[in-house]
Participant: 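This is the structure I have questions about; it appears just below.
Below, each value reflects all heavy atoms present in this structure, side chains not excepted, and no hydrogens, waters or symmetry copies.
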Amino acid sequence: HMTDILNDVLSISKLEEGKITAVLEDFNVKEFISLLVNELRSLLKKGQQINYSHSGNEKIILDQKILKNILFNLVSNAIKFSPEGKQIEVFTEVNNSKFILKIKDHGMGISQEDQQHLFERFFRGQNVINIQGTGLGLNIVTKYVEMLNGEIDFKSELEKGTTFTITLPVQKK
């Protein structure tokens, strides 16, 4: 847990100091996300599953390391804040102008009161006080998304789950 906290604080610090820069690479996003999803399966609670689907082009130019950090953070949150036996859905799409990543869980959801503070540093929702975390993850994700000139959005309802949507511009060769 201490290592996770330290890594989060270091990530924030490096992002704010401009020490992290995007390294754009041409890769198959469907294969890449499939490998990452397989890695994340080791974190699943009893009966949880991750379902991944992709539509559109599979080749993309993007920073793999940043994409991995975004995906790991959002999926590990979905696992952490969902009960046993619930599915987590990961969906990617590449079209002419954008790359879309959606992570949907069927967990505890985020209250209306907490939603306005969700991306603030060290913020933790009232309904997750007993679950380990730093309150830095979504702040880090937001900074990565901004760095790639993208957008982050979410929809959530208490006891019904949360869907995060990341939209990034498609890079051209």
Participant: Taking the side chain as every heavy atom from C-beta outward, state whether Val90 and Leu71 have any atom pair closer than 4.5 Å.
Facilitator: yes

Participant: Between Thr165 (side chain only) and Phe154 (backbone N and O only), is there a donor and an acceptor less than 3.5 Å apart?
Facilitator: no

Participant: Please check this pair: side chain of Gln115 against backbone of Ile110, looking for a donor-acceptor N/O pair closer than 3.5 Å.
Facilitator: yes

Participant: His106 pairs by side-chain hydrogen bond (donor to acceptor under 3.5 Å, both in side chains) with which of Gln48, Glu159, Glu89, Lys160?
Facilitator: Glu89

Participant: Counting C-beta onward and ignoring hydrogens, is there a side-chain heavy-atom pair between Lys30 and Thr92 closer than 4.5 Å?
Facilitator: no

Participant: Please determine whether the number of non-hydrogen atoms from other residues, nucleotides or ligands lying under 6.0 Å from atom NZ of Lys45 exceeds 12.
Facilitator: yes

Participant: Considering only heavy atoms from C-beta outward, does the side chain of Val29 approach that of Leu67 to under 4.5 Å?
Facilitator: yes

Participant: Within this structure, what is the CD1-OG1 distance for the pair Ile100 and Thr167, rounded to the nearest 0.5 Å?
Facilitator: 5.0 Å

Participant: Does CD in Glu39 sit with more than 12 non-hydrogen atoms of other residues, nucleotides or ligands closer than 6.0 Å?
Facilitator: yes

Participant: Grab the two heavy atoms, one from Ile50 and one from Arg41, that are nearest each other, plus how far apart they are.
Facilitator: O-NH2, 2.8 Å

Participant: May I ask you to test the Leu138-Phe164 pair for a side-chain heavy-atom distance under 4.5 Å?
Facilitator: yes

Participant: Establish whether Phe91 and Ile33 are linked, either directly or via other cluster members, by ILVMFWY side-chain heavy-atom contacts under 4.5 Å.
Facilitator: no

Participant: Side chains of Ile88 and Ile103, heavy atoms from C-beta outward: is any pair under 4.5 Å?
Facilitator: yes

Participant: Under 3.5 Å, side chain of Asp63 to main-chain N/O of Val23, donor-acceptor pair present?
Facilitator: yes

Participant: How close do Pro169 and Asn149 get, heavy atom to heavy atom, and via which atoms?
Facilitator: CD-O, 3.3 Å

Participant: Examine distances only and state if a side-chain atom of Ser76 and a backbone atom of Asn73 form a donor-acceptor pair shorter than 3.5 Å.
Facilitator: yes

Participant: Do the non-hydrogen side-chain atoms of Tyr144 and Leu148 ever get within less than 4.5 Å of each other?
Facilitator: no

Participant: Report yes if the side chains of Phe27 and Leu62 come closer than 4.5 Å at any heavy-atom pair, otherwise no.
Facilitator: yes

